[in-house]
Participant: 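I'd like to ask some things about the structure below.
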Protein chains: 2
Amino acid sequence: MIRLSKRVEYGLIAIRHIATKPAGEIVTAKEIADTYGIPYELLSKVLQKLTKSGLISSHQGMRGGYALARAPAEIPVSLIISAIEGTRQAIVQCLSEGPQTCTVFTVCTIKSPLTKVQANIERAFSTMNLSEIV
Amino acid sequence: MIRLSKRVEYGLIAIRHIATKPAGEIVTAKEIADTYGIPYELLSKVLQKLTKSGLISSHQGMRGGYALARAPAEIPVSLIISAIEGTRQAIVQCLSEGPQTCTVFTVCTIKSPLTKVQANIERAFSTMNLSEIV
DNA sequence: TGAAAGTGGACTTGAACGGTCGTATATTAA
DNA sequence: TTAATATACGACCGTTCAAGTCCACTTTCA
Ligand code: SF4
Ligand code: SF4
């Protein structure tokens, strides 16, 4: 079906939470987890992925935590999704894992229209940035 | 992630195949399965669901098969998806299984923007009909 | 009557998701 | 220097679901 993973939802909630704070303020994973009732360990994983892709910056050690690495307007939702999902972010297999991975690719008659749908969805997510959902 | 199920893809391929035939011509599940290399039993289930929702008509017995029940322009892709997926066709849980099913619903800060995204996707699928993908 | 077709339920398998645990490492305050 | 607090990271577990398979039944027509 067409469903966002919980990780993506948690990531969106978390990065939005960070964005509501004064710029540069550091927020801990625990604070976010407690605020929204999200499993701490799972949220940590998500925040680490967002860190690795450069959307937020991490600060280890005591008094550490996370802060935005860019302005909210510079963070499209599409980047958040791809940071968390890695591959598997396309509506159909052949568009994310490659044509070879689908056994019916050569005779498939719907990949062309679905590619257009995919483009529409991508555009929807890339034109919406963090500042719009705060 | 955001992915169409294989059932939906098979359903789209199948119903498009039927639509390419002269109106009223009956096509067997076996013919479709053979043409596209789709597992026959799985395809049958999908066609049965499309039949139950009135998008195609079935004819049992020898020389039986399936035919379109409406004109292609009267079959939006959204109907095909909902016929096959039943529930679980929303981008987030709270929109398809109901608000109560999500443990963080009351404090969730992203459901409002995601509802808009959902509306966009629904519009994309409901404005595209079968005649456009043939 | 029998072959060809749809109907429908049960079942298996594998992968993915959500979640958890344990440990290592970095930083800072006392 | 040390203890507390925080991220980093990999391994692990249980459930659910998608995909596919199997089989028994019914309908229809030649
Ligand atoms: S080739 Fe067709 S069936 Fe295969 S993944 Fe792409 S759209 Fe789906
Ligand atoms: S309430 Fe928020 S977290 Fe829960 S399903 Fe809806 S969007 Fe996702």
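All values reported here derive from a predicted model rather than from experimental measurement. Letters go in sequence order (proteins before strands), and every chain restarts at 1.
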Participant: Rounded to whole angstroms, how far apart are CG on Leu43(A) and P on dC21(C)?
Facilitator: 16 Å
Participant: Between Val46(B), Ile56(B), Leu55(B), Val8(B), which is the residue that forms a side chain to side chain contact (heavy atoms under 4.5 Å, CB included) with Ile80(B)?
Facilitator: Leu55(B)
Participant: Using whole Å, report how far CD of Glu97(B) lies from P of dC17(D).
Facilitator: 8 Å
Participant: Indicate whether OP1 or OP2 belonging to dT7(C) is found under 4.0 Å from a side-chain N or O atom of Ser44(B).
Facilitator: no
Participant: So, taking the atom named CD1 in Ile2(A) and the one named CD1 in Ile121(A), what distance separates them when rounded to the nearest 0.5 Å?
Facilitator: 5.5 Å
Participant: Provide, to the nearest angstrom, the distance between the CD atom belonging to Glu85(A) and the C1' atom belonging to dC17(C).
Facilitator: 10 Å
Participant: Send over the distance from Gln48(B) CD to dT26(D) P, rounded to a whole Å.
Facilitator: 15 Å
Participant: Has the side chain of Glu74(B) got a donor or acceptor atom that lies under 3.5 Å from a matching backbone atom of Ala71(B)?
Facilitator: no
Participant: When you measure from the side chain of Lys111(A) to the backbone of Cys108(A), do you find a donor-acceptor pair of N or O atoms at a distance under 3.5 Å?
Facilitator: yes
Participant: Does dA6(D) have its OP1 or OP2 closer than 4.0 Å to a side-chain nitrogen or oxygen of Tyr66(A)?
Facilitator: no
Participant: Is a donor-acceptor contact shorter than 3.5 angstrom present between the side chain of Arg7(B) and the base of dA19(D)?
Facilitator: yes
Participant: Considering heavy-atom distances to DNA chain C, does Leu47(B) or Thr103(B) have its closest nucleotide positioned more toward the 5' end?
Facilitator: Leu47(B)
Participant: Quick one about Gln93(A) and Thr101(A) (side-chain donor to acceptor, distance below 3.5 Å, no hydrogens or angles considered), yes or no?
Facilitator: yes
Participant: Give the rounded distance in Å between these two atoms: CD of Gln93(B) and P of dC17(D).
Facilitator: 10 Å
Participant: Over how many whole Å does the gap from Ile56(B) atom CD1 to dT7(C) atom C1' extend?
Facilitator: 13 Å
Participant: Identify whether any heavy atom of Lys49(B) sits under 4.0 Å from a base atom; if not, whether one sits that close to sugar-phosphate; answer base, sugar-phosphate or nothing.
Facilitator: nothing
Participant: Between dA15(C) atom P and Lys6(B) atom NZ, what is the distance in whole Å?
Facilitator: 15 Å
Participant: Under the rule for salt bridge (charged side-chain N to carboxylate O under 4.0 Å, His left out), what residues qualify as partners of Lys116(A), not counting sequence neighbours?
Facilitator: none
Participant: Taking Glu31(A) first and then Lys21(A), would you say they form a salt bridge - that is, a charged N and a carboxylate O separated by under 4.0 Å?
Facilitator: yes
Participant: Each nucleotide N or O in nucleotides 23-28 of chain C that has a protein N or O under 3.5 Å away: list the pair and distance.
Facilitator:
| residue | atom | partner | partner atom | Å |
| --- | --- | --- | --- | --- |
| dA26(C) | O4' | Gln60(A) | OE1 | 2.5 |
| dT27(C) | O2 | Met62(A) | N | 3.0 |

Participant: Going by heavy atoms closer than 4.0 Å, what residues in residues 25-42 of chain A are next to DNA chain D?
Facilitator: Thr28(A), Ala29(A), Tyr40(A)
Participant: Using a cutoff of under 3.5 Å, can you pull out all pairs of nitrogen or oxygen atoms linking the protein to nucleotides 10-13 of chain D, with atom names and distances?
Facilitator:
| residue | atom | partner | partner atom | Å |
| --- | --- | --- | --- | --- |
| dG10(D) | O6 | Lys45(A) | NZ | 3.1 |
| dA11(D) | N6 | Lys45(A) | NZ | 3.2 |

Participant: Under 6.0 Å from the CZ atom of Arg63(B), do we count more than 12 heavy atoms belonging to anything else shown?
Facilitator: no
Participant: Are any side-chain N or O atoms of Arg7(B) and backbone N or O atoms of Ile84(B), one a donor and one an acceptor, separated by less than 3.5 Å?
Facilitator: no
Participant: Checking Arg123(A) now: which residues fulfil side chain to side chain donor-acceptor pair (under 3.5 Å) with it, not counting sequence neighbours?
Facilitator: Asn120(A)
Participant: If we ignore angles and hydrogens, is there a donor and acceptor under 3.5 Å between the side chains of Glu122(B) and Ser78(B)?
Facilitator: no
Participant: Below the 4.0 Å mark, does dA16(C) have OP1 or OP2 next to a side-chain nitrogen or oxygen of Ser5(A)?
Facilitator: no
Participant: Once salt bridge (charged side-chain N to carboxylate O under 4.0 Å, His left out) is applied, do any residues pair with Glu97(B), and if so which ones, sequence neighbours excluded?
Facilitator: Arg3(A), Arg88(B)
Participant: What is the distance from CD of Glu9(B) to C1' of dG20(D), rounded to the nearest Å?
Facilitator: 15 Å
